[in-house]
Amino acid sequence: MATRETQTRSAATAVDMGLIGIYLNDHLAGATAGVELVQRAARSQRGWEAGRILDRLAREIKEDRAELISMIIELGVPIRRYKVALGWITEKAGRLKLNGRLLGRSPLSDVVELEGLRLGVIGKEACWRALRTLAERDRRLDPERLEGLISRASRQAETLEELRVRAFRRLLGLD
């Protein structure tokens with residue numbers, strides 16, 4: 001028979017994992033939107049150096065999303081499909097933004113997309129850092145794996161910042 005202390009500890013753990021589940025599913029929704037956005041940005045930059053860089057980032061971001069799904073499953077957290085769908089829909093709706101052009105793509109679109117991607121990658125890095133903290137008490141998570149993901153996200157953010165600055169310089173007619 002469980003003591004009151006054990007029941008309280010179990011309830012606290014369940015609440016914590018419930019909150020972690022919400023947190024991870026929110027990040028999964030963001031990762032879904034991020035994959036769609038980086039693939040679209042890469043397509044729009046085909047034929048340029050930025051397109052090749054964005055193709056590489058698209059592969060990495062897709063792999064990072066798969067890593068997140070893997071960790072969600074390892075933690076026994078249910079994946080909330082409606083949140084994944086919402087992430088996908090949000091990215092599609094983001095295409096409807098006014099960009100100063102009625103038809104066609106504006107140079108401003110490149111800047112806004114790169115800024116959005118960079119913010120998403122910074123959020124992803126924060127998620128990996130949070131999971132790294134959780135890994136200190138939950139052996140289902142591999143701290144070294146998370147350290148690698150943190151480093152990769154940091155490199156991705158730096159790359160996206162370089163591309164964003166170049167895109168903004170093009171917008172100003174400086175390149």
Any chance you could lay out the side chain to side chain contact (heavy atoms under 4.5 Å, CB included) test for Q39 and K62, step after step, and finish with the verdict? CA-CA 9 Å; Q39 288 174 338; K62 197 171 185 178; 4.1 Å; yes

Working for side chain to side chain contact (heavy atoms under 4.5 Å, CB included), residues E161 and E158: CA-CA 5 Å; E161 177 60 8; E158 288 173 17; 5.7 Å; no

Hey, mind stepping through V121 and L57 against side chain to side chain contact (heavy atoms under 4.5 Å, CB included) and telling me if it holds? CA-CA 10 Å; V121 167; L57 286 175; over 6 Å; no

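Atom CZ of R80 and atom CG of D26 lie 11.0 Å apart (nearest 0.5 Å). Taking CD of E74 as the reference point, atom CZ of R139 lies at 15.0 Å (rounded to 0.5 Å). How far CG of L117 is from CD of Q156: 10.0 Å, rounded to the nearest 0.5 Å. The structure places NZ of K124 at 3.5 Å from CG of D64, a figure rounded to the nearest 0.5 Å.
Side-chain contact between E115 and L160: absent, with no pair of heavy atoms (C-beta onward) separated by less than 4.5 Å. The closest side-chain heavy-atom distance from D138 to L131 is not below 4.5 Å. Counting only heavy atoms from C-beta outward, the side chains of I20 and L24 approach each other to under 4.5 Å. Side-chain atoms of L146 and D142, non-hydrogen and from C-beta on, never get closer than 4.5 Å to each other. The shortest distance between side-chain heavy atoms of L172 and R169 does not fall below 4.5 Å. Contact check for E136 versus L141: no side-chain heavy atoms found under the 4.5 Å cut-off.
When all heavy atoms of V38 and L54 are compared, the closest pair comes out as CG2-O, 4.0 Å. Heavy atoms only, all atoms of each residue included: R140 and L75 are closest at NH1-O, 3.1 Å. Listed here is the closest heavy atom pair of I122 and A157: CG1-CB, 4.3 Å. Shortest non-hydrogen contact noted between R170 and D110 is NH2-OD2, 3.6 Å. Closest non-hydrogen pair, L68 versus H27, comes out as CD2-C, 3.8 Å. A50 and Q45 make their closest contact through CB-OE1, 3.8 Å (heavy atoms, listed as atom of the first residue, atom of the second, distance).
Although no hydrogens or angles enter the test, the distance criterion places no donor-acceptor pair under 3.5 Å between the side chain of S70 and the main chain of A66. Remark: side-chain polar atoms of S154 are not paired, donor with acceptor, to backbone N or O of I150 under 3.5 angstrom. Side chain of N25 to main chain of P78: a donor-acceptor pair is present (N/O by atom type, distance under 3.5 Å, no hydrogens or angles).
Just one of E147, E125, E63 meets the side-chain contact (heavy atoms from CB on, under 4.5 Å) condition when paired with R152; it is E63. Checking L134, L149, V77 one by one against M71, the side-chain contact (heavy atoms from CB on, under 4.5 Å) holds for a single residue, L149.
For Y23, the OH atom counts as densely surrounded, since its 6.0 Å shell holds more than 12 non-hydrogen atoms of other residues, nucleotides or ligands.
Two different hydrophobic clusters hold L174 and V165 under the rule that ILVMFWY side chains link at heavy-atom gaps under 4.5 Å. In this structure, I73 is a member of the same hydrophobic cluster as M17, with clusters built from ILVMFWY side-chain heavy atoms closer than 4.5 Å. No path of Ile, Leu, Val, Met, Phe, Trp and Tyr side chains, each step under 4.5 Å between heavy atoms, connects L37 with L119, placing them in separate hydrophobic clusters.
With respect to R52 and E49, no salt bridge is recorded, no charged nitrogen being found less than 4.0 Å from a carboxylate O. Under 4.0 Å is where a charged nitrogen must lie from a carboxylate oxygen, and between E67 and R145 at least one such pair does.
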